[in-house]
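Heavy-atom basis, side chains included; hydrogens, waters and symmetry copies ignored.
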Amino acid sequence: MLTLEWIWLLLLLPLPLIFRKQQQQVEITGHLHLPGVGDNASQQVKHQPHSRKAYWLVWVLLVIAVARPLWVGDPIELPSKGRDLMMAVDLSGSMQIEDMVLNGKAVDRFTMIQHVVSDFIERRKGDKLGLILFADHAYLQAPLTQDRRSVSQFLQEAQIGLVGKQTAIGEAIALGVKRFDMVEESNRILVLLTDGSNNSGSISPEQAAAIAAKRGVKIYSIGVGADVMERRSIFGTERVNPSMDLDEAQLTSLAKTTGGQYFRARNSEELELIYQEIDKLEPISRDQLSYRPQVELFYLPLCVALIISILIALAQLPFFSRPLQRLTARRGNS
């Protein structure tokens, strides 16, 4: 249905009437014959009023536009069951190592995470998602929300090194636990994606995991990085382990402490399988919520008002006004 968001602004409609008396005085003065001024000049001083209906129509349209006309759709019910997933994504410098393959092309670890996680987010209908980015320190990028599009956009806009070069795993866990404290009923799942070990931050991962266990937050840790990578050097091509800095023992311990699981993601296929395991987690019941889609329509009366204003302005020009006056005079004589 059609509605006005700020309907009280319609009280502005009679505002021009306040100035009506002053306008009438100006019109009377405009018709006076000034001494010492010829008839032609006097005619120029005379006020030639335009159609008041057109002015009033422009004013009404402007007030309606300011009042925010909306088209409100039918109520849409949101899923009553879902999960609460807070994703903590590593943005340290090592995430730019190109040891992943995506669509047959070598890409860095973060690009692969962006690709796979975006698909994961898209399938999270009914779930609440949050996003934490961490490197030297951890930062909340998106609180728990059902707005999947915004969370995905925040992830796509993130860049390696945006919040530093090191890895503050403990701070990422602690920040996730803090955000879950604001939710009463939740299955409290923290998905931690990293390719290194904790070397920054004000709290250790073990301390943060102990707090998470007490608060009922389960950590699903994911170690990202290939086991083997070919690297060219002056001695030719050599095979190296690009994941030497990955502390799998620590990530396993974090997951075990909180009742979660540790996964190893050497490629996009393994990461996809990990998310399928998370899909099996039992959702929780929520209160039935609904929303009504809204479409802004303020531009329609605004455009009509602009068109009428342009026509009024053109009518004041001699090129347009003289033919109109002649046409009006002919109609009067007939």
Under the side-chain hydrogen bond (donor to acceptor under 3.5 Å, both in side chains) rule, collect the residues that match up with [X], sequence neighbours excluded.
X: Asp245; value: none
X: Asp147; value: Ser150
X: Asp108; value: Thr111

Fill in the blank from the handout: The side chain to side chain contact (heavy atoms under 4.5 Å, CB included) partners of Glu269 (sequence neighbours excluded) come to Asn267
Look at the side chain of [X] and the backbone N and O of [Y], then say whether any donor-acceptor pair between them is shorter than 3.5 Å.
X: Asn187; Y: Asp84; value: yes
X: Gln141; Y: Leu155; value: no
X: Ser221; Y: Ala255; value: no

Problem - Glu248/Arg266 salt bridge by N-O under 4.0 Å criterion - result: no
Problem - Ionic contact status for Arg83 with Asp127, cut-off 4.0 Å - result: yes
Exercise for the section: Kindly write out the residues that satisfy ring pair (Phe, Tyr, Trp, His ring centres under 6.0 Å) with Phe120, not counting sequence neighbours, or none if the list is empty. Expected result: Tyr275
Practice task
Could you list the residues that satisfy ring pair (Phe, Tyr, Trp, His ring centres under 6.0 Å) with Phe180, not counting sequence neighbours?
Solution key: none
Exercise for the section: Examine Leu192 and Ile132 and state if one hydrophobic cluster contains both, with Ile, Leu, Val, Met, Phe, Trp and Tyr joined whenever side-chain heavy atoms are less than 4.5 Å apart. Expected result: yes
Problem - hydrophobic_cluster_shared for Met86 and Ile274, side chain cutoff 4.5 Å - result: no
Handout entry: Set of residues satisfying salt bridge (charged side-chain N to carboxylate O under 4.0 Å, His left out) with respect to Arg179, sequence neighbours excluded
Key = none
Fill in the blank from the handout: So the ring pair (Phe, Tyr, Trp, His ring centres under 6.0 Å) pairs with at least one residue in residues 127-173 (sequence neighbours excluded) are none
Problem - Side-chain cluster (under 4.5 Å, hydrophobic types only) that Met244 belongs to, other residues - result: none
Fill in the blank from the handout: Apart from Met182 itself, its cluster of hydrophobic side chains linked below 4.5 Å comprises none
Under 3.5 Å, which donor-acceptor pairs do the side chains of residues 1-18 form with other protein atoms, sequence neighbours left out?
none

Exercise for the section: List the steps, then state whether side-chain hydrogen bond (donor to acceptor under 3.5 Å, both in side chains) holds for Ser118 with Gln156. Expected result: CA-CA 8 Å; Ser118 294; Gln156 294 300 321; 2.4 Å; yes
Side-chain donor-acceptor pairs of residues 304-314 under 3.5 Å, sequence neighbours excluded:
from: Ser309; atom 1: OG; to: Ala305; atom 2: O; distance (Å): 2.8

